[in-house]
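See structure below.
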Protein chains: 2
Amino acid sequence: MYIIIYIFIAMNANPLLKGTLQTIILKLLEDNTEMYGYEITQKVKQASAGEIMLTEGALYPALHKLEAEGFLETFTQVVDNRVRKYYRLTEEGGKEVTSKLKEAQGFIEQLQTILNLKTAAK
Amino acid sequence: MYIIIYIFIAMNANPLLKGTLQTIILKLLEDNTEMYGYEITQKVKQASAGEIMLTEGALYPALHKLEAEGFLETFTQVVDNRVRKYYRLTEEGGKEVTSKLKEAQGFIEQLQTILNLKTAAK
DNA sequence: ATTATATACATAAATTTGTTATGTATATAA
DNA sequence: TTATATACATAACAAATTTATGTATATAAT
């Protein structure tokens with residue numbers, strides 16, 4: 001008789017994700033018009049070669065918040081007896097993507113400068 | 001008689017900083033051997049063209065934590081009657097920089113793929 | 001049949017990591 | 001004398017996650 005013990009070493013999934021999740025969601029919806037939550041997790045996983053894994057506990061509240069803020073609107077669809085909640089950018093949301101992307105690009109650039117010394121400050 | 005009212009609009013300093021601060025500190029100490037807290041804030045400000053501003057409330061606890069984890073060691077020096085607490089990488093800290101940098105580079109790359117569609121996933 | 005895995009949503013508790021607000025103290029420029 | 005810069009520290013608060021649960025259906029594997 002065997003006893004199998006699984007030891008999971010928590011490694012803090014994506015310590016760098018913080019602050020980026022909303023931008024990722026908005027950008028994906030700009031590119032794909034409409035997506036549902038689970039679809040977003042899979043898309044991010046596939047597009048990032050498995051490096052960025054969205055947890056449901058982060059994703060769903062983030063989607064709800066973006067909707068509450070008026071950046072997203074939703075509709076529901078049943079496929080294979082399972083409910084899917086689709087999200088789509090509102091006009092406000094469209095503007096927000098641009099703003100968030102600009103912010104992210106700027107931050108990434110400066111971060112790379114510091115971490116890489118690309119532009120090597122004096 | 002004039003009454004001047006200043007209205008400060010809080011704009012959430014660096015919403016994208018989260019998770020990156022430790023990496024920034026470690027990298028700066030790899031490049032500069034030894035630095036004190038205030039010096040780090042100024043270096044980051046200057047190197048990022050004022051885009052990344054470290055707040056003291058984030059920086060000092062982060063330094064203390066890195067020290068407690070054994071990645072940094074300190075010594076004190078008095079200059080102009082003011083105390084400076086210098087930080088320096090330990091050997092452990094040296095390894096940690098490499099690891100954190102690799103992690104950051106990987107994340108940034110994947111993030112850019114998603115946000116820019118640089119590598120445009122199918 | 002039963003179990004595991006994938007799909008699909010949701011929420012609550014706990015944790016991490018920041019911001020904001022304070023506090024202390026010295027030096028220097030206005 | 002006042003404001004600003006230098007230099008540290010910590011506590012209260014807020015935000016955004018992770019982790020842990022819970023519900024429910026479909027499908028592949030045992």
Side-chain angles (χ1 to χ4, degrees), chain A residues 4 6-26 34-46 52-69 72 74-87 100 104 107 111, chain B residues 4 6 8-25 34-46 52-69 72 74-87 100 107:
Chain A
I4 301 175
Y6 293 95
I7 299 178
F8 294 98
I9 298 169
M11 50 155 149
N12 223 332
N14 310 298
L16 298 175
L17 180 67
K18 303 206 175 194
T20 321
L21 179 54
Q22 288 196 13
T23 311
I24 291 174
I25 293 172
L26 291 168
E34 48 197 40
M35 300 180 84
Y36 55 99
Y38 186 77
E39 189 184 6
I40 292 176
T41 66
Q42 299 309 301
K43 188 78 181 177
V44 167
K45 187 177 170 184
Q46 162 254 84
I52 304 179
M53 306 276 286
L54 303 189
T55 58
E56 296 157 292
L59 179 66
Y60 291 114
L63 286 170
H64 300 162
K65 197 189 170 200
L66 287 169
E67 186 185 3
E69 288 169 334
L72 302 183
T74 67
F75 63 96
T76 271
Q77 201 169 300
V78 177
V79 178
D80 280 333
N81 286 318
R82 280 198 228 91
V83 179
R84 287 179 184 172
K85 193 166 163 190
Y86 278 90
Y87 290 85
K100 287 266 188 196
F107 183 79
L111 184 59
Chain B
I4 301 174
Y6 293 94
F8 295 97
I9 298 168
M11 49 156 150
N12 222 332
N14 311 297
L16 297 175
L17 181 66
K18 299 208 176 193
T20 320
L21 179 53
Q22 289 195 13
T23 311
I24 291 175
I25 293 172
E34 48 198 40
M35 299 181 86
Y36 55 99
Y38 187 76
E39 188 184 7
I40 292 176
T41 65
Q42 300 308 302
K43 188 79 181 176
V44 168
K45 186 178 170 182
Q46 162 257 85
I52 304 179
M53 306 276 287
L54 303 189
T55 58
E56 296 157 291
L59 178 67
Y60 291 115
L63 286 171
H64 301 162
K65 195 185 172 203
L66 287 169
E67 187 186 2
E69 288 169 335
L72 302 183
T74 68
F75 63 96
T76 272
Q77 200 169 300
V78 177
V79 179
D80 279 334
N81 287 314
R82 279 197 228 89
V83 179
R84 286 180 184 170
K85 193 164 163 192
Y86 279 90
Y87 289 85
K100 287 266 187 196
F107 182 80

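Convention: sequence-line order gives letters A, B, ...; per-chain numbering from 1. Atoms considered below: every heavy atom in the structure, side chains included; atoms not considered: hydrogens, waters and symmetry mates.
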Test of understanding: with side chain to side chain contact (heavy atoms under 4.5 Å, CB included), list the residues that count as partners of V78(A), not counting sequence neighbours. V83(A)

Whole-Å distance between dT17(D) P and M53(A) CE? 16 Å

Below 4.0 Å: OP1/OP2 of dA25(C) and any side-chain N or O of N81(B): no

Could you tell me the separation between the CD atom of Q22(A) and the C1' atom of dA15(D), rounded to a whole number of Å? 10 Å

Salt bridge (Lys or Arg N to Asp or Glu O under 4.0 Å) involving E69(A) - partner list, sequence neighbours excluded: K65(A)

Quick one: list whatever passes side chain to side chain contact (heavy atoms under 4.5 Å, CB included) with T23(A), sequence neighbours left out. K100(A), L101(A), A104(A), L115(B)

Atom-pair distance (CD on E69(A); C1' on dA16(D)), nearest Å: 13 Å

Can you find a pair of side-chain heavy atoms, one from L111(A) and one from I24(B), that are under 4.5 Å apart? yes

Nearest listed nucleotide, side chain of K85(A), among dA10(C), dG18(C), dC8(D): dA10(C)

Roughly how far apart are L63(B) CG and M35(B) CE, rounded to 0.5 Å? 10.5 Å

Please step through side chain to side chain contact (heavy atoms under 4.5 Å, CB included) for the pair L59(A) and I25(A), ending with a clear verdict. CA-CA 9 Å; L59(A) 179 66; I25(A) 293 172; 3.8 Å; yes

Of all residues at least two apart in sequence or in a different chain, which pass the side-chain hydrogen bond (donor to acceptor under 3.5 Å, both in side chains) check with Y60(B)? none

Nearest whole angstrom, please: distance from the P of dT17(D) to the CD1 of I52(A). 12 Å

Please give, in whole Å, the distance from dT25(D) P to R84(A) CZ? 16 Å

CG of L17(B) versus C1' of dA14(D): gap in Å, rounded? 15 Å

To the nearest Å, how far apart are Q77(B) CD and dA7(D) C1'? 13 Å

Distance check, rounded to the nearest 0.5 Å: L21(A) atom CG versus I40(A) atom CD1? 9.0 Å

With sequence neighbours excluded, what pairs up with K85(B) under the side chain to side chain contact (heavy atoms under 4.5 Å, CB included) test? H64(B), E67(B), T74(B), T76(B), Y87(B)

Stems for DNA chain C (at least 3 consecutive Watson-Crick or G-U pairs, under 3.5 Å) come to C:1-30 with D:1-30

So how far is it from L17(B) CG to T55(B) OG1, rounded to the nearest 0.5 Å? 7.5 Å

Judged by nearest nucleotide, the residue sitting upstream toward the 5' end of DNA chain D, E56(A) or D80(A), is E56(A)

Could you go through nucleotides 2-5 of chain D and list every protein N or O atom that sits under 3.5 Å from one of its N or O atoms, giving the distance for each pair?
none

Close approaches to DNA chain C from residues 57-68 of chain B, in residue order (heavy atom, under 4.0 Å): G57(B), A58(B), K65(B)

On the nucleotide dC8(D), are OP1 or OP2 found under 4.0 Å from the side-chain N or O atoms that Y36(B) carries? no

Under the rule for side chain to side chain contact (heavy atoms under 4.5 Å, CB included), what residues qualify as partners of E34(B), not counting sequence neighbours? F75(B), Y86(B), R88(B)

